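What follows is a set of notes on a single structure, which appears directly below.
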Amino acid sequence: MSTGGLPMSSHKTDVVHPYVREDLAETKYIPLYAWTQAVLGLSGKDIEDRAAHIRRLRWFEDPVIRDALIAFCSTPPDTRREVGRYQPFADIANRAFELAKGNLPDIPESYPIHDICVVRNDPQNIRRIAQHELGADRSPDLLFIRGADKWKLEGSKPKRVRWVDIMAWLEFKASFKDLMGAFNRESKEYGLHTIDEETLQSRDTTPDITPLRPSATTEPTGSKRSMCSTESIDQTRGNDSGSSAKRKSLGYSLSNEWVDAKVQSGGHALETAACTYGTRYSCLGIVFDNDIMSPWYYDAAGYVSVNQSVSLLSDFPKVMAILVGFACLGHEKWGAIPPAILPPASAPYPTHFPPESLKDHSFHLIHPTSTQKVGVTLTKSLFTQYNLVGRRTFLYDIETNTVISKDPLVVKLSYQVVSRKAEHAVLAIAKEAEVEHLPEVHMWGDLWAMSDGIRQIFYDVSSEMSEDKEGPEVATYEDRTLRALVYTKYRPLKELFSKSCDLVLVMVDQMLDCLHDLRYKAKILHRDISCNNIMYEIRDGREYFILIDYDLAIVVTDDGELSTVASSKHRTGTLPFMAFELLQEMRDPGYGSKAPRIRHRLRHDLESMLYVSLWSSTSMPDTEDKKLRKEIVEYLTKWEKESIASVADVKSALIMEPVMIDSVPFPLTSEFLRPAFKNWVTLLREARIQWSTHCRRIESGRSTRSYDMETLNGMITRDTIRKAINTGFIPGDSSDDEELPAAVARPRYRLRNPKTSDNVGEDKTLFGGPSTMDRTRREKPKNIVASQEKDMPAYVEADAEPADERSVDKIPNQTTAKKARGRTNKDVQPPLLKKVPRSPKVAAAKAASGKRTETTRKTTVIKKVKGREEDGEGNTQ
């Protein structure tokens, strides 16, 4: 998630995105040979045959490999000192690649194995892309890279590589385990002398061993030295490599934080997916827990690993066979974009894989009206979603070989669930319902399905190996398709709000209209409100905001029920902007084992608009104050980078603690918006309090009335949010038989017109009327006058109308007729409202008789109890 103009400086290597742990918990663990068959193209028989050749060739006795194994096993068994194992393992892998060329079945002496290296990367951090400024600095222990990129990590001052340069990675976890004892046991199996654990010397003279082909210093006749030879790799890290005797005296660097290697590897996969501009649809990693190896596969459908342990020591030939299998992969298995998107003729694969981006790559779509085949060429990368499992959306500017529109065009590419209604179909429904603020779509098409790739092989092979076709060892998956959608290019919010936040509330107003009309005109819920999904354009000289990205949108019934069965057990949305109530459910330990219990409703999207506007107002303005920048970064990081439970707690505190909005670090250019946000948060807090009160009365049997969950009985609607922002007016709740106060001791903030100093009329919105194309641009309110009123109970009747159709104007307001009296907030006190009769019959009788009629019901008495409000029956409000 980008934060606009803020240069981020608080990246941490120990930060783990909440979704990484959630996705890790959903990993499919399948048989080892099912994994190697799908990814490496090696069946169990292939692995066993190669392992037998490796044993006959006595790789375990090779001097380079044996010295590296001794160094690997003699590293102190301490999780903080695992760095001592990095270079020895790199030496083992690269020596294995040299020994394999031309000596193992079906292993060539050239491409692709001649150009693959395993190199040490830690402690260098991989270069991030500017788009994901809140991403963590990550430093994988070892990397699979092309030999041409090896020089970047060599020398005393190695350079940082990019995520697009990485083919795969290896992550290590060290713990207290007697590896040297295991090594000596394996040496005895080979008839070799054991190693003294104190001196690291052979206990007896090691017998002469016939040099293996090719030798460490002699190249095969007519062959070229590999770009990844062991000799060149040994010189990369100076005193961190070399003999085991030297290694014993090394001072190992310590790290203060340690994260499980599987979690770290998942973080690397997230960064690879997010920072490669859509060039990879999958990625690979290897995790070592001491000597135990587990290969990992990652794509938009999730994680796949193995349920069988393989030891570097006791299964040495098999581990070497698997490593050599990695070195022989083609670009398709390294995760290249599916072949439906073709590289340029001037830079074909595999020679130019991996590419820096998809620039100049192309594909074809069919125009929906002319049925003409249109060539689409990608040009500039605009956006890549910070996401691994899921849609993985990425956007590019495009050029077409046929004129489609006079306006610039972009294409959105994403991995969509096949069973979900396509975005263009959802937009067609909304357009027919005359919903405004929609994007203009020109072409669309499905390019490739996961069921045509490795995912289906995972499923087929694992199901053949399992007696239970639906068991946990079967790699079931949710099929996704790579979908392209071409629409008009719009401008990002950052471009508008980096210099001024004057139009933040105009954006809110227009989006409230859009979301309201989507729900009640088109029966659609968007379900993914975020900063990246709201853009703008200039229409008739004015800013016009557009709500894009309807991938997660659903069609509902009149009652808000899903019109189709949910296709996923997990929540939808972008974490920093998800409604608090949905996050609360996600933190439940049992979440994911069954379908979500809380239905996504319009009020959740309306709450997301609060977080979008708050994020835009804090992160996007240019800020020169370094201290303030740091505070903003630290605050927003809590919205995205902590655990889901932590993010939920931040949202809870923001809504339920009145002082929290005062602690939000606003830049000077958006400070004037704080009162509006405070009113908005107050509305959400009161709605939750009213709902909690209703639940307690239901439990105690003192109320049986139904409750409108779509709007929390009319508390959270488009109109109530507008009025709260404008006047601070918080509507009362009328769900039960008891009379409830509409407002008690709440601060009211009124925005004054900077030119006339008059208050904005209560019958108008803050933005001067309905959100339409002809709205005139407003000036930023310069002055904000906050007046806190006395406790004024105002009683309302229970309204029989559906809550979503009620007008807020029907609820008595506490700030009426000020403009007509010609007075300002400074010299007027809001008048006390008259009591409203409790019953419509009483009101009718009063009107007919012309006499004053009072309700005989006892008036509810309000009193303070420990900082909260309590009615006469002892119920907290």
Side-chain angles (χ1 to χ4, degrees), residues 131 277-279 337-348 355-385 391 393-416 421-448 481-496 514 532-551 553 773-774:
Q131 243 177 48
Y277 302 101
T279 59
I337 195 75
I341 300 180
L342 300 174
S346 60
E356 292 186 9
S357 71
L358 293 179
K359 182 180 179 181
D360 296 329
H361 287 57
S362 60
F363 57 93
H364 291 88
L365 291 175
I366 303 298
H367 195 278
T369 55
S370 66
T371 67
Q372 179 182 2
K373 192 175 183 179
V374 179
V376 178
T377 301
L378 309 180
T379 56
K380 180 183 177 182
S381 174
L382 299 175
F383 168 78
T384 55
Q385 187 179 20
R391 295 170 295 156
T393 301
F394 51 103
L395 269 67
Y396 275 82
D397 281 332
I398 63 170
E399 295 177 352
T400 58
N401 60 359
T402 302
V403 177
I404 303 299
S405 172
K406 295 181 180 179
D407 298 320
L409 300 177
V410 297
V411 63
K412 183 179 81 169
L413 295 154
S414 55
Y415 297 92
Q416 299 292 337
K421 186 181 288 293
E423 181 174 7
H424 66 271
V426 174
L427 285 169
I429 296 173
K431 187 174 182 180
E432 184 177 356
E434 299 183 349
V435 178
E436 296 185 13
H437 306 285
L438 303 177
E440 185 68 26
V441 177
H442 303 278
M443 295 187 297
W444 55 84
D446 291 346
L447 306 180
W448 175 84
T481 181
L482 178 58
R483 182 167 293 158
L485 186 77
V486 175
Y487 60 88
T488 301
K489 183 178 182 179
Y490 302 106
R491 300 179 182 181
L493 295 181
K494 179 175 64 177
E495 180 182 303
L496 183 63
C514 180
N532 291 320
N533 289 344
I534 300 176
M535 308 190 85
Y536 81 100
E537 66 176 352
I538 303 299
R539 292 191 183 183
D540 300 328
R542 303 176 182 88
E543 290 77 7
Y544 188 82
F545 292 88
I546 306 291
L547 181 61
I548 66 170
D549 195 354
Y550 291 75
D551 291 333
M773 289 176 55
D774 61 349

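Nothing fancy with the numbering, it's 1 onward along the sequence. Just the heavy atoms: all of them, side chains too, but no hydrogens, waters or symmetry mates, feed the values below. Since the model is a prediction, treat every value here as computed from it, not as a measurement.
- Interatomic distance, OH of Y277 versus CD of E356, reported as 9.0 Å (0.5 Å rounding).
- Under the 3.5 Å distance criterion, the side-chain polar atoms of T377 are left unmatched by any main-chain donor or acceptor of D360.
- Counting heavy atoms from C-beta outward, F545 and L493 have side chains that approach closer than 4.5 Å.
- Contacts of D407 classified as salt bridge (charged side-chain N to carboxylate O under 4.0 Å, His left out), with partners at least two apart in sequence or in another chain: none.
- When the salt bridge (charged side-chain N to carboxylate O under 4.0 Å, His left out) test is applied to K431, the partners found at least two apart in sequence or on another chain are E440.
- Atoms CZ and CG, on F383 and D549 in that order, are 8.0 Å from each other to the nearest 0.5 Å.
- Two residues are said to be in side-chain contact when any heavy atoms from C-beta on lie closer than 4.5 Å; L485 and H424 meet this criterion.
- Applying the ring pair (Phe, Tyr, Trp, His ring centres under 6.0 Å) criterion to H442, with sequence neighbours excluded, gives no partner residue.
- E399 is linked by a salt bridge (charged side-chain N to carboxylate O under 4.0 Å, His left out) to nothing, counting only residues two or more places apart in sequence or in another chain.
- No side-chain heavy atom of D446 sits less than 4.5 Å from a side-chain heavy atom of L482.
- Residues satisfying the salt bridge (charged side-chain N to carboxylate O under 4.0 Å, His left out) test with K359, not counting sequence neighbours, are none.
- Between H437 and Y544, the two ring planes are parallel [angle under 30°; tilted spans 30° to 60°].
- Here Y487 pairs with nothing under the ring pair (Phe, Tyr, Trp, His ring centres under 6.0 Å) rule; sequence neighbours left out.
- To the nearest 0.5 angstrom, K489 atom NZ is 8.5 Å from M535 atom CE.
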